[in-house]
Amino acid sequence: MIAGGRMLTERVNLEAGLLNAENGAPVIRIEPSVGWISLRLNELWQYRELLYFLVWRDVKVRYKQTVLGAGWAIIQPFFTMVVFSLFFGKLAKIPSDGIPYPIFSFAALVPWTFFVSGLSQASNSLVGSGHIIKKVYFPRLAIPIASVLVGIVDFILSFMTLLAMMYYYGISITMNAVWVPLFIALAFVTSLGVSLWLAALNVQFRDVRYVVPFITQIWLFATPIVYPSSLLSEPWRTLYGINPMVGVVEGFRWALLGTSTAPGAIIFVSSLVALLVLIGGAYYFRRMEKTFADIV
Amino acid sequence: MNDISIRVENIGKRFQIGQKEESYRTLRDTIVDSFYAPFRKAGRILKGRAAETPDNKKTMWALRDISFEVRKGDLIGIIGRNGAGKSTLLKILSRITEPTSGCAEIRGRVGSLLEVGTGFHAELTGRENIYLNGAILGMSRVEIKQKFDDIVAFAEVEKFIDTPVKHYSSGMYLRLAFAVASSLDPEILIVDEVLAVGDARFQKKCLNKMEDIGQSGRTVLFVSHSMPAITRLCKRAILLEDGMIKADGLSHQVVHQYVNNGSSTSAARDWPDPANAPGSDIARLRGIRVITEDGKITDSVDISKTFGIEMEYDVLTQGHVLMPYHHIFNEENVNIFQAHDTDAEWRQRPRPAGRYRSIVWIYGNLLAEGMLYVSSGITRVDVAEPQFYEKDAVTIQVFEDMDNANTARGDWSGDMGGVVRPFFKWSTQYKKK
C-alpha cells in the first residue's frame, strides 16, 4: 500500500509522496456520528496553517478602506475610557482603589475590548463563513478560534496605549507584570468558550445576532470595569469570580497597576469557570458541527 | 495489497423538507415547540399512535442506499439530473456533511473542488488569495510556495498578481481560482462541475488539466453535465436518479441510458403490431436498429468504427418506387446529414409487396462525439409522397476512447468543436534552412 501510494504520487510533488510514505495511506471513515463525539484536537493541529491564514486574512482585511485604519483599535477603548472617567469618575465619584480613575478604567477596558470583539466576531463567524463551510471540509473549530485570535492585534495596540498611559501617570511596571499573559489567556479562553456556544447556536437560531449586543452590555456592568470589585466583601468577592472577566480585569489591575489585593482566589474561580465554559462549548460545538453545512 | 480507494456502503442522507426555504428556526419556535411537544405526544399516545414519529412526513431522502467501490486510479463520472443527489454525495465523501445512514471508507488524502474560488476575498490581492485559497483547500504553505509560479502562469495573471481581486475581470478571477484549485495534488480528487466556468478557451485548458489529473494515476470522482466530457474522461459512470443509483457501468452506456431517459430500447425499436406502426397503405415501418459491423444491436458506437442503421419495413401495395432515408440530428438539433437509399438494385424500380430490410453503413471517423438522433422515413419518389416519417426513431451515442490513436483527435485531449469529425490525411514537408 505504501509503495503503491508512492508510485501514484510520483508525478505529484515529492513532499506529498513522502508524507504518504510516512503515514501509510490514511483511512478516513465516514459515518453518522452519535452522541458526544471526540474534539479531534489533533486534526485541528494538522490544520494550524489554515488557522494561521484565516487570522492573517481577517487582520489584513479588517481595516481596509478605513481612513483611521488600526487607529480604531485605540480610539474605541480610549474614548470609552474618557466617557467613563467623566461620568463615573468625576460625576458619580465611584472609588477606584486609589488609582487615577482614567487608568483604572482603561486597564480594564483593554482586556474587555479584546473579549467583546472576539465574542461578537466569533459568534457570527460560522454564519459569515457559510459559503466556505458548504464547500470545503476542515475542522470547523478553526473558524471561531481564528475570529477570537484576530483580536490580538487590536489588543496589542491598545495595550501599548495602556503602557503609555501608565508612563504618563507615573506608574512603574513591577514584577507582577509577568502574569499579564496568563490574564490574556484567561480572556481568550472566556471569549472563545462563550463564542463556541453562541456560534453553534447562531447557525440554528439567528436570534443570537440580537442577543450578543445585549449580553455584552449587561456583562460590561456585571464586570468591575467602572467600579472596583473591592466594593464587595468576602466571600462575595471571590464568588464574583464566577464571571471569568472579573478575574481578567482584577488580574490586569493587580499585575500592572499594583492594586492592593492579590486576587488569587478570584482568578482561580474565574479560570475554573472559563475552562468549564470552553470545554462545554467545544463539545457542544462538535456535536452541532455535523448540521452546520446543511443549515447554515 | 488493497487497491480500493473509496468504498461506499448503503449511504443515505435525509433532509428536512422545507429546510431550504426556512433555513433557520427562531429560538421562539423551538421554545414553543418544546412546550407543546409533551402535549402532542400525550395526544398521540391517547390516540394509540405513540410509535408514529412526527418527523416522517417532513423529511425526504436526498440519497438512499448508495453503494459502490472505486479502485485506485479510476476516473468515475457521476451524472444525473439536478436534484438527483450528485452534490450531496460529493459533499458526504468530502466530509462536508454527514450521512444519515451507512458508511464510507476513503484511503488516501482527499481534495475536493466543489466550487472554484472558495474563500476568495475580494479585498485581498491575487497573491494573498492564492495562499488563502490554497490553505482552505488543504495545502501547506510550503506546498503553495512551490507551486506559486505555476499557478500564476496557468492563470495568466502575472501583471495583476498584487492587485486586489475585486479589480479583476470575472475571467481573470475564475482563471486564478481554477489555477489554485487544480494545483491541488491529493490522491483522491472530488470535482463538481468546475468546468462549467470561464470562456471557451479556458474551458479547454481546464479540460486538458483534468485529463492530466486523470492520467496521473489519481482517483477522481467527477460530477458533470457535459456528457462528452464524461465519456471521454471517465471509463465508468454512475447515474443517480432520485437519490438512488440507477446505473453503474461503462460510461458511454450509462450516458446513453441517461440521455435517453432510461429507455433501453432506444438503439432499436420494433413495431410488432402493424396497427400501431407508422406507415400508409403502401409502406409500413416495422423496425429501426443501430447495429455494429457484425450485426449486433448497439446503443453506442466507437467514433472510429463503422456502424449501420437498419430499417425493416413492409411494402403492402406493389408497384411503387420507394426510397427509405434517415435524417441524422445532433444534440443541438443540427441536421448533420441525410442518408437516402442509393442501392442501385432498387433505384427507380417498382417494388413488389413483402418484407424489406435496408441497411445504411455509416463509416467511422465521420461523426463527432455525442448523442445522435435518427429520424427515419420512406417516401415515394415517382410522385414525392411521404409514406411515413418517424421522428427520433432511434438514438446513438458516439463515444471516443482516449486510448484510440486512429481518430481525428490526434494527441489533443481537450474539447473538439465541429459537428463532424473526419479523419484527414496530413502531410508536412520540411526543409532545413
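Just so it is clear, the structure is predicted and the values come from calculations on it, not from any experiment. Chain letters run A, B, ... following the sequence lines, proteins first and then strands; every chain starts at 1.
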request  = Indicate the atoms forming the closest heavy-atom contact of A/Phe53 with B/Leu132, along with that distance.
outcome  = O-CD1, 3.8 Å
remark   = Max heavy-atom pairs within cutoff under 4.5 Å with chain B, candidates A/Leu54, A/Ile133, A/Val136, A/Val208, goes to A/Val136
request  = To the nearest 0.5 angstrom, please state how far the CG atom of B/Leu124 sits from the CZ atom of A/Arg57.
outcome  = 8.0 Å
Polar side-chain atom of B/Glu105 near backbone of A/Arg29 as donor-acceptor pair, under 3.5 Å = no
key: More than 12 heavy atoms from other groups under 6.0 Å of CZ on A/Phe138   = yes
query = For A/Ile28 and B/Val110, what are the C-alpha separation, side-chain angles and deciding distance, and is it a side-chain contact (heavy atoms from CB on, under 4.5 Å)?
reply = CA-CA 9 Å; A/Ile28 302 162; B/Val110 183; 3.8 Å; yes
query = Run the side-chain contact (heavy atoms from CB on, under 4.5 Å) check on A/Tyr137 and B/Lys91 step by step: do they pass?
reply = CA-CA 9 Å; A/Tyr137 170 79; B/Lys91 278 186 178 177; over 6 Å; no
task = State, to 0.1 Å, how close A/Lys134 and B/Ile96 come at their nearest heavy-atom pair, and which atoms those are.
result = O-CG2, 3.7 Å
query = Based on non-hydrogen pairs under 4.5 Å, which of B/Gly134, B/Ala104, B/Gly111, B/Ser87 is most in contact with chain A?
reply = B/Ala104
ask   = Taking 4.0 angstrom as the limit, do B/Arg95 and A/Glu43 come out as a salt bridge?
value = yes
request  = Would you mind checking if B/Asp192 and A/Lys135 are paired as a salt bridge, meaning a charged N to carboxylate O distance below 4.0 Å?
outcome  = no
query = Between A/Ile30 and B/Pro99, is any pair of side-chain heavy atoms under 4.5 Å apart?
reply = yes
request  = Would you mind reporting whether B/Thr97 and A/Lys290 have side-chain heavy atoms less than 4.5 Å apart?
outcome  = no
query = Should we say atom NZ of B/Lys166 is surrounded by more than 12 heavy atoms from elsewhere, each under 6.0 Å from it?
reply = yes
message = Out of B/Leu137, B/Ile136, B/Ile92, return the one with the most heavy atom pairs under 4.5 angstrom to chain A.
response = B/Ile136
key: Closest contact, heavy atoms only, A/Pro32 versus B/Gly102   = CD-O, 3.1 Å
message = Could you measure the distance from the CZ atom of B/Phe120 to the CD1 atom of A/Ile132? Nearest 0.5 Å is fine.
response = 11.5 Å
inquiry  = For A/Tyr52, which atoms come within 4.5 Å of any heavy atom of chain B: side chain, backbone, both, or neither?
reply    = side chain
Shortest non-hydrogen separation from A/His131 to B/Thr118 and the atoms involved = O-CG2, 4.2 Å
